[in-house]
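The structure under discussion appears below in the form of structure tokens.
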Amino acid sequence: MKKNYLTKNSQETKKVGRILAQEILKKRRSQDQAIVLGLIGDLGGGKTTFLQGFAKGLGIQNRITSPTFVIMKRFRISRFIFHNFYHFDCYRVKEPKELLDLDFEKIISIPQNIVAVEWADRVRDILPRDALILEFEFIDEKTRKIVLK
Ligand code: ADP
Ligand code: MG
């Protein structure tokens with residue numbers, strides 16, 4: 001499902017996130033583990049902005065932020081089989097063990113979870129092989145390239 005987007009402002013990036021969330025919900029195919037998104041790419045590339053739109057698409061009202069000291073946040077959802085959205089931000093993570101200590105393996109094993117991991121390249125070894133990888137590239141002040149791999 002390779003796709004490319006060029007967004008011209010943060011609203012457009014949020015919209016791409018919202019549409020992806022809606023597509024995931026629409027498929028309604030029960031899987032045997034969590035749906036995992038790995039977000040990689042430049043600082044300021046739009047990963048958190050994208051997840052704000054993604055969370056909205058999941059029906060989450062809370063604002064998604066860049067956690068300064070928190071690596072993980074959980075949001076409750078109630079959409080089809082899905083009950084939780086987990087937002088991991090690995091900007092400050094030095095080794096995958098820090099995620100394993102937060103029960104990462106269990107979280108990604110539960111089909112009712114949707115899990116998004118920012119700076120996923122720092123923990124690539126512990127991501128499931130079928131994780132959806134999204135790459136964010138800073139083109140200029142207002143332009144971002146988003147590649148769904
Ligand atoms: P990351 O999480 O990848 O470090 P953020 O989403 O936190 O990036 O930051 C992106 C910044 O760039 C925000 O301040 C946002 O307002 C700005 N921005 C400008 N143009 C865009 C765009 N097209 N898409 C996303 N963010 C944009
Ligand atoms: Mg971020």
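All ligand and atom numbering here is 1-based and tracks the order in the structure.
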Exercise for the section: Identify, for atom 6 (O) of ligand 1, the protein heavy atom at the shortest distance, and state residue, atom and that distance. Expected result: Thr49 OG1, 2.6 Å
Problem - Residues Arg144 and Glu137 bridged, charged N to O under 4.0 Å - result: no
Practice task
Measure the CD1-CG distance between Ile114 and Leu37 for me, rounded to the nearest 0.5 Å.
Solution key: 8.5 Å
Exercise for the section: May I ask you to check if ligand 1 and Trp119 share an N or O to N or O distance below 3.5 Å? Expected result: no
Exercise for the section: Assess whether atom CD of Glu105 is packed by more than 12 heavy atoms of other residues, nucleotides or ligands within 6.0 Å. Expected result: no
Handout entry: For Lys142, the ligand 1 atoms whose distance to one of its heavy atoms is below 4.0 Å
Key = 20 (N), 21 (C), 22 (C), 23 (N)
Practice task
Could you tell me which atoms of ligand 1, counted from 1 in the order shown, lie closer than 4.0 angstrom to a heavy atom of Glu118?
Solution key: 2 (O)
Problem - atom 17 (C) of ligand 1: nearest protein contact (heavy atom, Å) - result: Arg144 NH2, 3.6 Å
Exercise for the section: Please indicate whether Lys56 has more than 12 foreign heavy atoms, meaning atoms of other residues, nucleotides or ligands, lying under 6.0 Å from its NZ. Expected result: no
Problem - Flag if over 12 foreign heavy atoms under 6.0 Å of OH, Tyr91 - result: no
Problem - Non-hydrogen side-chain atoms of Phe82 and Ile35 separated by less than 4.5 Å - result: yes
Completion exercise
Here the gap from Ser66 atom OG to Asp89 atom CG, rounded to the nearest 0.5 Å, amounts to 6.0 Å
Problem - Leu43 N/O under 3.5 Å from ligand 1 N/O - result: no
Completion exercise
ligand 1 to Gly45, heavy atom cutoff 4.0 Å, flagged ligand atoms 1 (P), 3 (O), 8 (O)
Handout entry: Ionic contact status for Glu135 with Lys47, cut-off 4.0 Å
Key = no
Exercise for the section: Using a strict cut-off of 4.0 Å, indicate which atoms of ligand 1 neighbour a heavy atom of Thr7. Expected result: 22 (C), 23 (N), 24 (N)
Exercise for the section: Looking only at protein heavy atoms, identify the closest one to atom 8 (O) of ligand 1 and say how far it is in Å. Expected result: Gly46 N, 3.1 Å
Practice task
Could you find the nearest protein heavy atom to atom 25 (C) of ligand 1 and give me its residue, atom name and distance?
Solution key: Thr13 OG1, 3.3 Å
Problem - Residue and atom, protein N/O/S, under 2.8 Å of the Mg ion (ligand 2) - result: Thr48 OG1, Glu118 OE1
Completion exercise
The atoms of ligand 1 lying under 4.0 Å from a heavy atom of Asp42, numbered in the order shown, are 3 (O)
Fill in the blank from the handout: Within the 4.0 Å heavy-atom cut-off, what Leu39 brings close to ligand 1 is neither
Problem - Sub-3.5 Å N/O-N/O distance, Thr48 and ligand 1 - result: yes
Handout entry: Which of the ligand 1 atoms, numbered from 1, are nearer than 4.0 Å to a heavy atom of Glu141
Key = 19 (C), 20 (N)
Handout entry: Gap between atom NZ of Lys15 and atom CG of Asn9 - 0.5 Å precision
Key = 10.5 Å
Completion exercise
Rounding to 0.5 Å, atoms CD (Gln112) and CG (Asn84) come to a distance of 8.5 Å
Handout entry: Cluster link Phe54 to Trp119, ILVMFWY, side chain under 4.5 Å
Key = no
Handout entry: Flag for Ser10-Thr49: side-chain donor and acceptor within less than 3.5 Å
Key = no
Handout entry: Closest protein heavy atom to atom 11 (C) of ligand 1, given as residue, atom name and distance to 0.1 Å
Key = Gly44 O, 4.0 Å
Handout entry: Tyr86 OH to Met72 CE distance, which is reported to the nearest 0.5 Å
Key = 6.0 Å
